[in-house]
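In what follows, every chain begins at residue 1, and chains take the letters A, B, ... in the order their sequences are listed.
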Protein chains: 2
Amino acid sequence: MLDDTWPRPLYQTIKDYVLDHIDSGKWKSGTRIPSESEIVKTLGASRMTVNRAIRELSVEGHVKRIQGVGTFVAEPKPKATLFEIRSIGDEIAARGSKHSSGIILQQSEPAIDAVADALDMEPGALVFHVYMVHCEDGHPIQIEDRYVNPAAAPDFLEEDFTKVTPSDHLLALLPVTEIEHTISSRLADEDECELLDISASEPCLELCRRSWSGSRTVTHVRLLNPGSKYNVGGRFKVTDTHNS
Amino acid sequence: MLDDTWPRPLYQTIKDYVLDHIDSGKWKSGTRIPSESEIVKTLGASRMTVNRAIRELSVEGHVKRIQGVGTFVAEPKPKATLFEIRSIGDEIAARGSKHSSGIILQQSEPAIDAVADALDMEPGALVFHVYMVHCEDGHPIQIEDRYVNPAAAPDFLEEDFTKVTPSDHLLALLPVTEIEHTISSRLADEDECELLDISASEPCLELCRRSWSGSRTVTHVRLLNPGSKYNVGGRFKVTDTHNS
DNA sequence: TGACTATACATGTATATACAAGCAGAATAT
DNA sequence: ATATTCTGCTTGTATATACATGTATAGTCA
């Protein structure tokens with residue numbers, strides 16, 4: 001929403017001046033905009049004030065700056081809404097329910113091709129694998145099928161995942177810097193139906209996530225949830241997507 | 001990821017100084033941090049440099065500033081990943097396919113209670129309602145059931161939604177400032193199965209969204225997609241959620 | 001003609017100084 | 001006891017000046 005307070009700070013006026021030129025098409029993507037000293041002359045502001053305005057536009061993704069070269073109009077980026085990352089334990093606790101879990105499998109194993117691809121590892125390389133069920137107040141609510149890159153979390157398999165979720169373990173260890181996720185709907189297979197205690201016809205929500213910490217792929221997880229018991233969502237401000 | 005370039009700019013050193021105190025627990029949420037002039041004395045920097053550092057921490061959501069009062073440690077916010085908002089037409093075009101649509105219903109009607117609630121309107125007030133199917137290369141892929149607040153888009157019903165999607169129409173008209181969305185999985189009912197040309201046992205992905213423009217609720221839409229043909233996802237940097 | 005150097009211009013960072021605006025609390029007046 | 005004013009401290013904004021760093025281009029020399 002436009003900020004209509006008046007008088008506008010000069011740095012905001014400078015931002016608007018640049019944005020007006022960009023939004024109106026006068027300065028197209030890739031165009032070098034006037035230098036700071038040119039804008040100083042044009043708008044009669046100080047260089048520090050101009051620098052603050054342009055720097056903020058840069059952080060916001062409207063322009064791209066290159067020291068010694070200039071300032072260029074950035075490619076417009078798609079609008080995005082934020083999606084909260086939460087651990088299943090936190091979600092359940094937030095509902096006032098009690099989380100518990102059962103470990104079906106927790107081992108080191110040679111990665112099959114799909115898993116190796118997902119973790120950017122060599123096929124056959126050893127990966128950590130956890131297969132488990134999360135329960136809310138004793139009722140199964142989610143199957144977690146997770147593979148972890150041992151290099152990223154060497155002690156992962158030592159953890160007791162009935163006491164701390166794999167997600168919490170990894171988040172405590174490494175900053176997540178990038179996530180890829182896919183949300184889809186499918187039916188559970190026979191084993192999954194049994195683990196989740198649902199009928200074969202119940203639709204399920206599947207969330208697939210890959211996470212990176214810096215340049216390293218950390219984990220690949222598939223979370224399967226009965227559609228009648230689980231949804232994903234939230235309410236957030238809309239922002240422009242841009243890479244930090 | 002920490003920026004390890006050296007020497008660090010002084011404003012970054014100041015940011016790190018504050019973040020170290022916050023992350024270590026020395027300054028808990030709600031604590032007033034030292035004033036700018038106190039930090040000037042402590043770190044031997046100029047007030048403009050300190051101001052820049054603290055202002056950036058404020059924009060990033062780590063601290064909250066109140067003019068004339070002070071700077072306070074903000075509540076930690078959950079990590080979030082960005083979710084791209086796209087029109088179904090754009091999604092289909094991005095796959096190199098052709099989008100088309102069929103309008104089942106497009107009318108003004110009194111809002112039932114659930115719709116009125118969703119749009120923050122009085123029950124029985126007139127709302128615009130569009131019920132339609134989106135197709136990709138002739139195959140139905142999504143049912144769109146949308147209600148729009150007439151005050152936000154008075155000319156909405158005049159649009160030909162076989163030529164422009166309701167989403168594109170609204171986006172062209174109003175800036176979206178806030179979105180609430182829920183993704184869930186359910187089975188389609190008999191009518192929906194027929195419209196989507198799917199069997200009764202096919203699991204479906206349902207996306208519900210409410211959108212605001214400023215303080216006004218603009219639209220409430222439910223999008224139903226066969227699980228075999230549709231998923232939602234993307235890959236983004238992780239960021240802290242914070243309100244702009 | 002190519003390599004090297006110098007120059008100009010760009011952004012990046014920093015300081016000193018000043019004034020504006022907001023807020024909380026102390027001091028004063030009624 | 002209450003209202004008003006004043007003071008001190010805080011953040012917000014702005015300018016002038018300076019130096020650092022990066023890049024592109026022109027000029028010079030072998």
### Summary
Across all chains, not counting sequence neighbours, the side-chain hydrogen bond (donor to acceptor under 3.5 Å, both in side chains) partners of A/His169 are A/Glu159
### Summary
Rounded to whole Å, the CG-P distance (A/Leu43 to D/dT13) equals 17 Å
### Query
Taking CZ from B/Phe72 and P from C/dC23, how many angstroms apart are they, rounded to a whole number?
12 Å
## Note on the structure
Counting primed atoms, P, OP1 and OP2 as sugar-phosphate and everything else as base, the B/S/- map of nucleotides 8-15 of chain C against protein heavy atoms under 4.0 Å is --BBBBBB
Hey, can you pull the donor-acceptor pairs under 3.5 Å for the side chains in residues 38-45 of chain A, sequence neighbours left out?
{"unit_1": "A/Glu38", "atom_1": "OE1", "unit_2": "A/Ser35", "atom_2": "N", "d": "2.7"}
{"unit_1": "A/Glu38", "atom_1": "OE1", "unit_2": "A/Ser35", "atom_2": "OG", "d": "3.1"}
{"unit_1": "A/Thr42", "atom_1": "OG1", "unit_2": "A/Glu38", "atom_2": "O", "d": "2.9"}

### Query
In chain order, what residues pass the side-chain contact (heavy atoms from CB on, under 4.5 Å) check against A/Pro123, with sequence neighbours excluded?
A/Asp113, A/Ala116
### Task
Kindly say whether the aromatic ring centers of B/Phe156 and B/Phe161 come within a distance under 6.0 Å.
yes
Between the protein and nucleotides 5-7 of chain C, which nitrogen or oxygen pairs are less than 3.5 angstrom apart?
none

### Task
Cation-pi check, B/Arg32 to B/Phe72: give yes when NZ or CZ is under 6.0 Å from the six-membered ring centre and within 45° of the ring axis, no otherwise.
no
Let me have the donor-acceptor pairs involving side chains of residues 90-97 of chain B, under 3.5 Å, with sequence neighbours excluded, atom names and distances please.
{"unit_1": "B/Glu91", "atom_1": "OE1", "unit_2": "B/Tyr230", "atom_2": "OH", "d": "3.1"}
{"unit_1": "B/Glu91", "atom_1": "OE2", "unit_2": "B/Tyr230", "atom_2": "OH", "d": "3.2"}
{"unit_1": "B/Arg95", "atom_1": "NE", "unit_2": "B/Glu136", "atom_2": "OE1", "d": "3.3"}
{"unit_1": "B/Arg95", "atom_1": "NE", "unit_2": "B/Glu136", "atom_2": "OE2", "d": "3.1"}
{"unit_1": "B/Arg95", "atom_1": "NH2", "unit_2": "B/Glu136", "atom_2": "OE1", "d": "2.8"}
{"unit_1": "B/Ser97", "atom_1": "OG", "unit_2": "B/Glu136", "atom_2": "OE2", "d": "2.7"}
{"unit_1": "B/Ser97", "atom_1": "OG", "unit_2": "B/Asp137", "atom_2": "OD2", "d": "3.4"}

#### Entry: SB check A/Arg222 A/Glu144 (cutoff 4.0 Å)
no
### Message
If only side-chain N and O atoms count, and only distance matters, is there a donor-acceptor pair under 3.5 Å linking A/Thr13 with A/Arg8?
### Response
no
